[in-house]
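Right, one structure below, let's go through it.
All chains are named by letter (A, B, ...) in the order of the sequence lines, taking the proteins before the strands, and each is independently numbered beginning at 1.
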There are 2 protein chains.
Amino acid sequence: MEAFNKYLQQFPHYTPKVFEQIKPHLIKKELEAGEYFLEQGRVCRSIAFIETGLLRLHYNTDSKEVTNCFCKENTITCSYSSLITGSESDIAIQAIEPSRLWVIPYISLQKLYEKDLFWQQLGRLAAENEFITTECHHRFLRDLSATDRYIQVLENEGELLQRVPLIYLASYLQVAPETLSRIRKKISKS
Amino acid sequence: MEAFNKYLQQFPHYTPKVFEQIKPHLIKKELEAGEYFLEQGRVCRSIAFIETGLLRLHYNTDSKEVTNCFCKENTITCSYSSLITGSESDIAIQAIEPSRLWVIPYISLQKLYEKDLFWQQLGRLAAENEFITTECHHRFLRDLSATDRYIQVLENEGELLQRVPLIYLASYLQVAPETLSRIRKKISKS
DNA sequence: GGTATGACTTGACCTAGGTCAAGTTCGGAT
DNA sequence: ATCCGAACTTGACCTAGGTCAAGTCATACC
């Protein structure tokens with residue numbers, strides 16, 4: 001729980017008061033690897049701070065499964081579009097390591113919006129941040145070749161490669177697992 | 001200018017007052033086809049309401065040009081990420097038809113945020129909307145084949161096809177112009 | 001120690017879409 | 001009317017990455 005307090009400290013207008021405000025709303029949730037925080041088709045009504053563990057955000061089409069992103073400890077996760085529109089989530093959120101979450105119901109958060117500027121600002125910053133991250137990831141997918149995408153992840157998120165099974169990493173990079181395997185081989189040689 | 005007033009009416013909490021608040025801040029700008037509202041690498045410091053015309057939002061990489069979206073009359077356009085972060089825009093906004101814009105400086109908008117709940121809400125809704133649209137477009141690019149992308153645009157945005165040169169449409173659909181030409185031929189036969 | 005299982009690799013082949021170069025077509029300027 | 005150039009089409013060929021099927025490897029379980 002203290003990790004969440006620490007997380008909040010990075011935002012402008014933080015005071016110890018804000019942690020006291022949110023504390024009573026936090027619900028602890030432990031997930032096994034493979035368990036879901038949110039299933040595709042359900043409405044997302046809360047956000048989660050990840051104290052420990054690793055989750056992935058993914059969706060299924062008729063023909064394939066796509067991993068949108070990985071969310072690790074000391075970050076927040078939710079299906080943002082489902083949360084704000086109240087519609088069914090087109091993505092699922094699944095733990096791929098045993099994870100401890102602190103869940104915050106969206107209604108609690110909305111109440112806090114009215115209590116303190118801090119929360120208002122946090123909401124906006126979250127939205128903006130979400131937008132920019134997404135934009136950036138999509139451009140990464142669009143503009144780089146499969147090999148370059150792998151290299152970039154290798155350089156920027158090397159730690160992830162240790163923690164994520166190849167099959168999820170492949171769907172994150174938008175390549176077939178076989179292709180990723182070949183890319184790895186090629187890279188390790190050079 | 002009246003078109004902008006009408007545009008505002010679709011949002012919750014609208015009152016005639018809000019239009020009076022923003023009126024003094026509006027700057028009229030006319031663009032020829034080909035002219036830029038914003039160039040890549042510049043900081044975006046305003047948003048524009050498009051009264052008439054058509055613009056496209058695009059960026060260049062070393063090897064190619066990508067059209068992100070088209071913005072038509074009665075909508076808003078800006079480089080959202082540049083606007084909110086104050087960093088150099090990684091996209092350009094160019095008129096592809098002669099266009100009349102009403103430009104709103106971001107600082108004016110920020111002042112309005114403090115004056116009326118309406119503007120606050122508009123800002124948040126804009127962010128959320130931007131996020132969802134972007135997300136949706138990227139999924140369209142990821143999950144559909146080139147042909148299916150074309151068909152979907154044909155069905156949902158048929159009007160656009162009349163107004164947009166093939167070369168821009170191709171870069172919007174993420175295909176080579178030659179491929180788009182072939183897809184068109186194939187579709188028109190069936 | 002042996003074997004079943006899931007996670008990854010390798011090989012052979014295929015295909016969507018890209019690339020390059022040579023046409024068309026058509027609307028303006030002369 | 002005709003010439004020009006931009007916008008588009010067509011053809012021939014190429015390539016990145018996908019698909020399918022058969023390994024290999026490791027680890028956990030009997």
Side-chain angles (χ1 to χ4, degrees), chain A residues 32-35 54 56 58 60-67 70 94-98 138-154 158 160-190, chain B residues 32-35 54 56 58 60-67 70 94-98 138-154 158 160-190:
Chain A
E32 304 282 307
E35 275 190 301
L54 183 63
R56 74 186 182 113
H58 71 96
N60 282 90
T61 64
D62 302 338
S63 53
K64 59 176 178 174
E65 188 185 273
V66 178
T67 298
F70 300 102
Q94 181 190 31
I96 56 180
E97 287 177 6
H138 287 124
R139 217 140 129 173
F140 153 88
L141 287 174
R142 261 199 244 178
D143 299 339
L144 301 180
S145 69
T147 306
D148 289 347
R149 293 202 291 276
Y150 178 72
I151 292 172
Q152 190 163 319
V153 169
L154 198 62
L160 219 59
L161 304 193
Q162 260 52 56
R163 296 172 68 180
V164 171
L166 175 130
I167 196 172
Y168 297 152
L169 183 63
S171 86
Y172 176 68
L173 295 173
Q174 297 276 301
V175 295
E178 295 94 328
T179 304
L180 179 52
S181 183
R182 282 183 251 268
I183 290 171
R184 274 178 152 173
K185 193 182 166 190
K186 193 176 69 183
I187 300 288
S188 68
K189 275 186 192 164
S190 63
Chain B
E32 305 281 305
E35 274 189 303
L54 183 64
R56 74 187 183 112
H58 71 96
N60 283 89
T61 65
D62 302 337
S63 53
K64 60 175 179 174
E65 188 183 274
V66 179
T67 298
F70 300 102
Q94 182 190 31
I96 55 180
E97 288 177 6
H138 286 123
R139 218 142 128 174
F140 154 88
L141 288 174
R142 261 198 243 177
D143 299 339
L144 301 181
S145 68
T147 306
D148 288 347
R149 294 203 290 277
Y150 178 72
I151 292 174
Q152 190 164 319
V153 168
L154 197 63
L160 219 59
L161 303 194
Q162 259 52 55
R163 296 170 71 178
V164 171
L166 175 130
I167 196 173
Y168 296 152
L169 183 63
S171 85
Y172 175 68
L173 295 173
Q174 297 276 302
V175 294
E178 297 93 327
T179 304
L180 178 52
S181 185
R182 281 184 251 267
I183 289 172
R184 272 179 153 171
K185 193 181 164 190
K186 191 177 71 183
I187 300 287
S188 67
K189 274 186 192 163
S190 61

Task: Members of residues 173-182 of chain B that approach DNA chain C, where some heavy atom sits under 4.0 Å away - done: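 Of all residues in residues 173-182 of chain B, the ones placing a heavy atom under 4.0 Å from DNA chain C are B:Q174, B:V175, B:A176, B:E178, B:T179, B:R182.
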Which whole-number value in Å describes the distance from [X] [atom1] to [N] [atom2]?
{"X": "B:I167", "N": "D:dT9", "atom1": "CD1", "atom2": "P", "value": "12 Å"}
{"X": "A:L161", "N": "C:dC8", "atom1": "CG", "atom2": "C1'", "value": "15 Å"}
{"X": "A:Y168", "N": "C:dA7", "atom1": "OH", "atom2": "C1'", "value": "12 Å"}
{"X": "B:L169", "N": "D:dA7", "atom1": "CG", "atom2": "C1'", "value": "13 Å"}
{"X": "A:I187", "N": "C:dT9", "atom1": "CD1", "atom2": "P", "value": "13 Å"}
{"X": "B:R184", "N": "C:dT24", "atom1": "CZ", "atom2": "P", "value": "20 Å"}

Task: Among A:T147, A:T179, A:L166, side-chain contact (heavy atoms from CB on, under 4.5 Å) partner for A:R184 - done: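 When side-chain contact (heavy atoms from CB on, under 4.5 Å) is applied between A:R184 and each of A:T147, A:T179, A:L166, only A:L166 qualifies.
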TODO: Check for a donor-acceptor pair, side chain of A:E65 on one end and backbone N or O of A:N60 on the other, with a separation under 3.5 Å.
DONE: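 Such a contact is absent between A:E65 side chain and A:N60 backbone.
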Open item on the list: Quick check against the 3.5 Å criterion: does A:S171 have a side-chain atom that pairs as donor or acceptor with the backbone of A:T67?
Closed with: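 Yes; at least one donor-acceptor contact below 3.5 Å.
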TODO: Taking atom CG of B:L144 as the centre, report whether more than 12 heavy atoms of other residues, nucleotides or ligands fall under 6.0 Å from it.
DONE: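 Yes, the 6.0 Å shell around CG holds more than 12 heavy atoms from other groups.
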Open item on the list: Holding to side chain to side chain contact (heavy atoms under 4.5 Å, CB included), I want the full list of residues that pass it with B:A33, two or more places apart in sequence or in another chain.
Closed with: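 B:A33 satisfies side chain to side chain contact (heavy atoms under 4.5 Å, CB included) with B:P98 only.
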Open item on the list: To the nearest 0.5 Å, what is the distance between CG on B:D143 and CD on A:Q174?
Closed with: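 So the gap between those two atoms works out to 7.5 Å.
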- [ ] Evaluate the side-chain proximity of A:K186 to A:Y150: yes if any heavy-atom separation is below 4.5 Å, no if none is.
- [x]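 Side-chain contact under 4.5 Å: no.
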TODO: If the plane angle is over 60° it's perpendicular, under 30° parallel, otherwise tilted; pick one for B:F140 and B:Y172.
DONE: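 If you compare the ring of B:F140 with that of B:Y172, the planes turn out tilted.
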Open item on the list: For a quick test of reading the model: is some side-chain N or O of A:K185 closer than 4.0 Å to OP1 or OP2 of C:dT10?
Closed with: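 The answer is yes; a side-chain N or O of A:K185 sits under 4.0 Å from OP1 or OP2.
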Task: Residues within residues 141-149 of chain A bordering DNA chain D, heavy-atom distance below 4.0 Å - done: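 Per residue number, the list reads A:S145, A:A146.
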